[in-house]
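Read the structure below first, then the notes.
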2 protein chains.
Amino acid sequence: MTENMNKNTRQTRQKRVILVELRKVTSHPTADEVYQMARKKIPNISLGTVYRNLEQLSEQGKIRKLELAGSQMRFDGRAYSHHHVSCVRCSRVDDVISVRGNPGSIDVEAGGYQVLGHRIEFYGVCPSCQKKESADERSPRMHL
Amino acid sequence: MTENMNKNTRQTRQKRVILVELRKVTSHPTADEVYQMARKKIPNISLGTVYRNLEQLSEQGKIRKLELAGSQMRFDGRAYSHHHVSCVRCSRVDDVISVRGNPGSIDVEAGGYQVLGHRIEFYGVCPSCQKKESADERSPRMHL
DNA sequence: CTGGATGCAAAGGTTTTGCACGCTA
DNA sequence: TAGCGTGCAAAACCTTTGCATCCAG
């Protein structure tokens with residue numbers, strides 16, 4: 001009925017390597033970074049293939065595609081749902097360890113919308129940028 | 001000290017029109033939509049100018065730049081902070097009327113990050129897409 | 001074998017930028 | 001008048017696609 005019959009599940013070296021490499025890291029690499037990682041194993045793999053496989057793997061729920069505000073796509077080898085923090089300086093993305101408060105209970109009134117859910121992103125300054133910062137004159141440039 | 005001396009505050013017809021037109025609408029237009037709106041007043045205004053001014057206005061806090069997950073930039077003529085809902089079908093963006101629960105109190109533990117804040121986006125199906133939907137076989141395709 | 005997957009390269013969509021000229025302050 | 005802002009066009013970026021070929025099942 002739905003278009004969920006997913007014929008595209010053929011196992012290839014490319015797909016395998018992409019998944020394995022992505023799961024090795026705890027960072028949340030961009031497609032291009034995944035491409036660089038995969039190239040170390042398959043030198044002539046193409047960027048297009050990386051995109052196609054990342055898309056497919058995320059459709060199958062094996063990885064997670066992160067579309068964070070104002071940045072390119074990033075991919076997460078851990079498929080379970082969790083929140084992320086991104087650094088406003090260097091854009092790196094990390095997992096949030098725990099959240100106090102109850103974001104799960106947020107309910108919303110939104111002019112006739114059938115609200116399906118929400119997405120929360122945290123932002124701040126990562127440890128390494130905090131260090132660099134003490135000694136220089138940079139200032140936040142966030143506009144929520 | 002900081003680079004916040006903002007010399008770029010010269011008043012021009014382009015900037016004025018962009019702000020006025022953006023404030024006229026309650027939608028959350030993309031840069032290109034703002035461009036189309038502005039062109040009705042200044043036929044030969046350029047897209048580049050629109051981008052530059054939108055950026056500037058948002059830096060000055062006169063408008064708000066929305067960088068929603070997985071979509072192009074949108075702009076909001078209302079500068080105060082409020083949440084948004086976007087339609088998973090047609091991508092339109094509306095204001096959230098009210099939020100129950102207490103997202104403001106969310107606190108987070110995030111490996112050494114200095115957490116500055118968070119961003120919440122709601123998503124769902126807008127009224128007009130709900131109508132279209134009753135009679136057809138489309139299904140959600142959200143991967144959070 | 002068959003048709004999904006690949007590599008390559010071109011195209012697409014969005015945003016930024018370089019440059020010479022124009023206009024605000 | 002000085003130099004920020006503009007229009008135009010090219011470039012930069014990121015992602016998707018067309019196509020001939022390859023290879024997993």
Side-chain angles (χ1 to χ4, degrees), chain A residues 3-21 28-60 62-63 65-75 86 91 93 141 143, chain B residues 3-21 28-60 62-63 65-75 86 91 93 141 143:
Chain A
E3 75 285 11
N4 244 16
M5 43 194 62
N6 265 330
K7 2 184 103 182
N8 42 334
T9 312
R10 190 168 289 183
Q11 180 70 320
T12 64
R13 190 150 97 88
Q14 288 77 351
K15 188 178 303 181
R16 212 177 313 122
V17 165
I18 287 170
L19 183 55
V20 168
E21 294 303 303
H28 301 72
T30 61
D32 193 72
E33 287 165 344
V34 173
Y35 173 53
Q36 301 308 336
M37 289 155 50
R39 282 229 280 188
K40 290 179 185 151
K41 298 294 159 76
I42 308 177
N44 70 326
I45 193 174
S46 77
L47 223 206
T49 293
V50 170
Y51 270 102
R52 277 183 291 234
N53 278 312
L54 287 170
E55 181 63 36
Q56 219 177 91
L57 288 167
S58 110
E59 272 170 12
Q60 298 169 206
K62 294 185 179 159
I63 65 171
K65 174 160 51 156
L66 308 180
E67 307 187 290
L68 303 178
S71 76
Q72 47 179 314
M73 291 178 191
R74 288 174 174 277
F75 298 86
S86 59
S91 298
V93 175
R141 185 186 295 265
H143 302 282
Chain B
E3 76 286 11
N4 243 15
M5 42 195 63
N6 265 329
K7 1 185 104 182
N8 43 335
T9 312
R10 190 168 287 182
Q11 180 69 322
T12 64
R13 189 150 98 89
Q14 288 77 351
K15 189 177 304 181
R16 212 176 314 121
V17 165
I18 287 170
L19 183 55
V20 168
E21 294 304 303
H28 301 73
T30 61
D32 193 72
E33 287 164 345
V34 173
Y35 173 53
Q36 301 308 336
M37 289 156 50
R39 282 229 281 187
K40 289 178 186 152
K41 298 294 159 77
I42 309 178
N44 70 325
I45 193 173
S46 77
L47 223 207
T49 294
V50 170
Y51 270 101
R52 277 182 291 233
N53 278 312
L54 287 170
E55 182 61 38
Q56 221 177 91
L57 288 167
S58 112
E59 273 171 11
Q60 299 169 206
K62 294 188 180 159
I63 66 171
K65 173 161 52 156
L66 309 180
E67 308 187 289
L68 303 179
S71 77
Q72 46 178 318
M73 293 180 192
R74 289 176 173 276
F75 297 86
S86 61
S91 298
V93 174
R141 184 187 296 266
H143 301 284

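Every chain is numbered from 1, with letters handed out A, B, ... down the list of sequences.
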Output one line per pair: protein atom, nucleotide atom from nucleotides 18-21 of chain D, and distance, for all N/O pairs under 3.5 Å.
from    : atom 1 : to       : atom 2 : distance (Å)
dG18(D) : O6     : Arg52(A) : NH1    : 3.4

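- Straight-line distance from the CD atom of Glu55(A) to the C1' atom of dT17(D): 14 Å, rounded to whole Å.
- What separates NZ of Lys65(B) from P of dT15(C) is a distance of 9 Å, to the nearest Å.
- When the side-chain nitrogen and oxygen atoms of Gln72(A) are compared with OP1 and OP2 of dC13(D), none of them lie within a distance under 4.0 Å.
- Annotation: the terminal axes of the helix from dC1(C)-dG25(D) to dA25(C)-dT1(D) meet at 40°, where each axis is the rotation carrying the C1' atoms of four end pairs onto the next four (5 pairs per end, rounded to 10°).
- Of the listed nucleotides (dG5(D), dG7(C), dA24(D)), dA24(D) has the atom at the smallest distance from the side chain of Gln11(A).
- Across Tyr35(A) and Leu47(A), no two heavy atoms sit closer than the pair CE1-N, 3.5 Å.
- Nearest heavy atom pair, residue Gln14(B) against residue Ile42(B), reads CA-CD1, 3.8 Å.
- Comparing Asn44(B) and Tyr51(A) against DNA chain D, the residue whose closest nucleotide sits nearer the 5' end is Asn44(B).
- For the pair Arg74(A) CZ and dT15(D) P, the interatomic distance rounds to 10 Å; values are reported in whole Å.
- The structure places CZ of Arg16(B) at 11.0 Å from CG of Asn53(B), a figure rounded to the nearest 0.5 Å.
- Counting all heavy atoms, side chain and backbone alike, Val34(A) lies closest to Ile18(A) at CG1-CG2, 4.0 Å.
- Residue-level contact check: Ile45(A) touches the backbone only, with heavy atoms under 4.0 Å from sugar-phosphate atoms and none from bases.
- Across all strands shown, Asp32(A) has no heavy atoms under 4.0 Å from either base or sugar-phosphate atoms.
- Looking at every heavy atom in both residues, Ile63(B) comes nearest to Leu19(B) through CG2-CD1, 3.5 Å.
- In this structure, Glu59(B) places its CD atom 11 Å from P of dT16(C), rounding to the nearest Å.
- Scanning all heavy atoms of the two residues, the minimum distance from Lys65(A) to Met73(A) falls at CD-SD, 3.7 Å.
- Taking atom CZ on Arg13(A) and atom C1' on dC22(D), their separation rounds to 14 Å, with Å as the unit.
- Distance, Ile18(B) CD1 to dG5(D) P: 12 Å, rounded to whole Å.
- Of the two residues near DNA chain C, Gly48(A) and Asn53(A), the one whose nearest nucleotide lies more 5' is Asn53(A).
- Taking 4.0 angstrom as the limit, Thr12(B) places a side-chain polar atom (N or O) nearer than this to OP1 or OP2 of dT6(D).
- The CD atom of Gln56(A) sits 7.0 Å away from the CD atom of Glu59(A) when rounded to the nearest 0.5 Å.
- Two residues are said to be in side-chain contact when any heavy atoms from C-beta on lie closer than 4.5 Å; Gln72(B) and Ser91(B) fail this criterion.
- At least one donor-acceptor pair closer than 3.5 Å links the side chain of Glu33(A) to the backbone N or O of Thr30(A).
- Checked against dT16(D), dC4(D), dA5(C), the side chain of Arg10(B) finds its nearest nucleotide in dC4(D).
- For Thr49(A), whose side chain is taken as the heavy atoms from C-beta onward, the closest listed nucleotide among dT6(C), dG3(D), dT16(C) is dT6(C).
- In this structure, Phe75(B) places its CZ atom 13 Å from P of dT14(C), rounding to the nearest Å.
- Of the candidates dT15(D), dG7(D), dC8(C), dG7(D) carries the atom nearest the Ser46(B) side chain, counting heavy atoms from C-beta on.
- Rounded to an integer number of Å, the gap from Leu47(A) CG to dT16(D) P is 11 Å.
- Of all the heavy atoms in Val50(A) and Ala31(A), the pair that sits closest is CG1-O, 3.8 Å.
- Taking 4.0 angstrom as the limit, Gln14(A) places a side-chain polar atom (N or O) nearer than this to OP1 or OP2 of dG7(C).
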